[in-house]
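Input: a single structure, listed below in structure tokens.
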Amino acid sequence: MLTHARGRRLRTGLSAAALTAAALGGLLQPAQAAGNPDPAGDHPHHENRLQQQLEQLVGQDDGPPGAIALLTRGDRTEVYTAGVGDIGTGRPPHPDDHMRIASIAKAFSGAVALTLVDQGKLSLDDTIGERLPDQPAAWHAVTLRQLLQHTSGLPEFSADPTFREILAADPRHVFDPRGLLDFVAGEPLLFRPGSLYQYSNSDNIAVALMTEAATGRPYEALLKELVYRPLGLRRTSLPLGYRLPQPYLHGYDVAPPAEPQDVSEVLGTSGVWASGGIVSTPRELGAFIRGYGGPGLLSEKTRKEQLTFIPGGSSEPAGPGTNAVGLAIFQYTTRCGVLYGHTGNFPGYTQLAATTPDGTRSLTFSINTQTSKDNKPALLARLRTVQENFACALLKEH
């Protein structure tokens, strides 16, 4: 299967319109495993089964060229890889490869906002009207809690026809990220705040703007001070352009029978910003989710608010098991137990980061093609099955 993946040639001419549709659909919406214990060790059958499932996922015609999963328990990390992180060179995915984490960026904006709540600089009951009075009056009653919970009713800026036209004409267009909500400023709320759950990119743009208003500091600076530094993240960033730091996990558009196309740097990220623009690595993504989903980053009081879950709210794409929504975090109830985390997808990438509630164990699972309920739902179903099996391996006592 790996030979097949390496042998794929890149196709050319992916249309801007097709790329835009993929982008907005996702944002709305036998090699031995590297680092594995020796097969003669304590759990050879369990490890071989996980490795086989990863290779089967990569080996499917519409599957990703490569996949990498990290299972971390305390100070020990098992790394599973299949396929390639770069078709051109045949290089396998690596734990320190940079990659687009897509909507897991929403958890980062949650981490900033909830840390400011801990510091008394923001309240979950603060409203858009109080913190962002220049935003439309119709939105003024929406609270920070509702934004973090995706129950705000804010109209979706990334569905706006003008926004889509700009992106289709120039996928690398540099937007003013602080003006993204202007695309829907003339639109009413989609529903009464707090009455429904609807996953939205607009919510996390508003969250980031509220953190800036509360502190007078750029969101990027708040990320560094409140998230990167406390959690020891040195390879995580929020760029506005289209380039990725080297080395990076290449992302591909896979649409058989055509050959995969490298879309890693086709799109700029200024049009997603706090809702989907962060670049990180598998290793650092694990460190982040253990800190944010575990007890390490927030006070007990704020964490209790963060982990008050509403049944039925799922991340995009849905994570393993049964999903429920908290404040910029999701609960994944698998057949083997509960994890907290977030998912994301962006052209070329589909991501999962999850942790045990005590923050001592984590799973990151990255593939280098996009899948969601609207884009390759069959692949997503297979992916979620494999993710749940990895989650069960994580939750098993060692």
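Each residue takes its place number in the sequence, starting with 1.
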Under 3.5 Å: donor-acceptor pair, side chain of Y349, backbone of G251: yes
Trace of the side chain to side chain donor-acceptor pair (under 3.5 Å) decision for S362 with T355: CA-CA 4 Å; S362 65; T355 182; 5.8 Å; no
pair D253-V266: side-chain heavy atoms closer than 4.5 Å: no
side-chain hydrogen bond (donor to acceptor under 3.5 Å, both in side chains) partners of Q351, counting only residues at least two apart: S366
CZ on R178 to CG on L209, rounded to 0.5 Å: 7.5 Å
Side-chain donor/acceptor of N368 to backbone N/O of H250, under 3.5 Å: yes
Any P230 side-chain heavy atom under 4.5 Å of L297 side chain: yes
Residues V184, E156; criterion side-chain contact (heavy atoms from CB on, under 4.5 Å); working and verdict: CA-CA 7 Å; V184 287; E156 179 57 77; over 6 Å; no
Side-chain (R303) to main-chain (L298) donor-acceptor, under 3.5 angstrom: no
Donor-acceptor under 3.5 Å (T269 side chain, G241 main chain): yes
Partners passing ring pair (Phe, Tyr, Trp, His ring centres under 6.0 Å) against Y292 (at least two apart in sequence or in another chain): F288
From S200 atom OG to I205 atom CD1, the distance as rounded to the nearest 0.5 Å: 9.0 Å
Test ring pair (Phe, Tyr, Trp, His ring centres under 6.0 Å) applied to F390 - qualifying residues, sequence neighbours left out: Y80, F365
Common cluster, M99/Y242, ILVMFWY with side-chain heavy-atom separation under 4.5 Å: no
Pairs flagged by disulfide (SG to SG under 2.5 Å) wherever residues 292-388 is involved - sequence neighbours left out: C336-C392
Separation between CH2 of W139 and OG of S202, rounded to the nearest 0.5 Å: 6.5 Å
Atom pair NE2/CG of H98 and L244 - distance to nearest 0.5 Å: 8.5 Å
Side chain proximity check, Y332 to N323, heavy atoms < 4.5 angstrom: yes
Side chain to side chain donor-acceptor pair (under 3.5 Å) contacts touching residues 382-393 (sequence neighbours left out): Q53-N389, Q60-R382, D62-R382, R335-N389
Derivation of the side-chain contact (heavy atoms from CB on, under 4.5 Å) call for I329 and F309: CA-CA 9 Å; I329 199 166; F309 293 101; 4.0 Å; yes
Check: K376 side chain, V254 main-chain N or O, donor-acceptor pair, under 3.5 Å: yes
Side chain to side chain donor-acceptor pair (under 3.5 Å) evaluation trace for S280 with T236: CA-CA 4 Å; S280 190; T236 301; 2.8 Å; yes
Closest non-hydrogen atom pair between Q149 and T151, with its separation: OE1-OG1, 3.1 Å
Minimum heavy-atom distance Y197-S315, with the two atoms named: OH-N, 4.5 Å
T360/R73 under side-chain contact (heavy atoms from CB on, under 4.5 Å): CA gap, chis, key distance, verdict: CA-CA 6 Å; T360 64; R73 300 177 185 87; over 6 Å; no
Side chains of E78 and L50 in contact at under 4.5 Å (non-hydrogen atoms): no
Where P65 and Y252 come nearest, the two heavy atoms and their spacing: CG-CD1, 3.6 Å
Heavy-atom pair of closest approach, residues P317 and T371: CG-O, 3.9 Å
Qualifying ring pair (Phe, Tyr, Trp, His ring centres under 6.0 Å) pairs with a residue from residues 256-285, counting only residues at least two apart or across chains: Y219-W273
Salt-bridge criterion met for R234 and E284 (N-O under 4.0 Å): no
Within-4.5 Å side-chain heavy-atom neighbours: I68 and V79: yes
Atom of N201, atom of S158 and distance for their closest heavy-atom approach: ND2-OG, 3.2 Å
Side chain S152, main chain D203, donor-acceptor under 3.5 Å: no
Polar side-chain atom of H140 near backbone of P133 as donor-acceptor pair, under 3.5 Å: yes
Heavy-atom side-chain proximity of P247 to D96 below 4.5 angstrom: no
Contact check, side chains of L379 and L57, non-hydrogen atoms, under 4.5 Å: yes
With H173 via ring pair (Phe, Tyr, Trp, His ring centres under 6.0 Å) - residues at least two apart: F175
Gap between atom CG of L285 and atom CZ of F108 - 0.5 Å precision: 6.0 Å
Full working for side-chain contact (heavy atoms from CB on, under 4.5 Å) between V84 and D86: CA-CA 5 Å; V84 296; D86 181 351; 5.8 Å; no
S372 side chain vs N375 backbone, donor-acceptor pair below 3.5 Å: yes
Contact list for residues 111-138, test ring pair (Phe, Tyr, Trp, His ring centres under 6.0 Å), sequence neighbours left out: none
Residue pairs fulfilling salt bridge (Lys or Arg N to Asp or Glu O under 4.0 Å) with at least one residue in residues 128-139, sequence neighbours excluded: D126-R131
Could you pull out every donor-acceptor pair under 3.5 Å between side chains of residues 187-196 and any protein atom, sequence neighbours left out?
unit_1	atom_1	unit_2	atom_2	d
S195	OG	R192	O	2.6

Side-chain donor/acceptor of T127 to backbone N/O of A141, under 3.5 Å: no
Parallel, tilted or perpendicular: ring planes of H150 versus Y199, cut at 30 and 60 degrees: tilted
Shortest non-hydrogen contact between P347 and L267, atoms and distance: CG-CD1, 3.6 Å
Residues forming a ring pair (Phe, Tyr, Trp, His ring centres under 6.0 Å) with Y228, sequence neighbours excluded: none
Residues 110-124, side-chain donor-acceptor partners within the protein, below 3.5 Å, at least two apart:
unit_1	atom_1	unit_2	atom_2	d
T115	OG1	A111	O	2.7
D118	OD1	S299	OG	2.5
D118	OD1	T302	OG1	2.4
D118	OD2	S299	N	2.7
Q119	OE1	K121	NZ	3.4
S123	OG	D125	N	3.0

Between OG1 on residue T364 and CG on residue L70, distance to nearest 0.5 Å: 4.5 Å
Audit row: Q370, N345, side chain to side chain donor-acceptor pair (under 3.5 Å) steps and yes/no: CA-CA 6 Å; Q370 183 182 34; N345 70 108; 2.9 Å; yes
Short N-O contact, R172 and E265, less than 4.0 angstrom: no
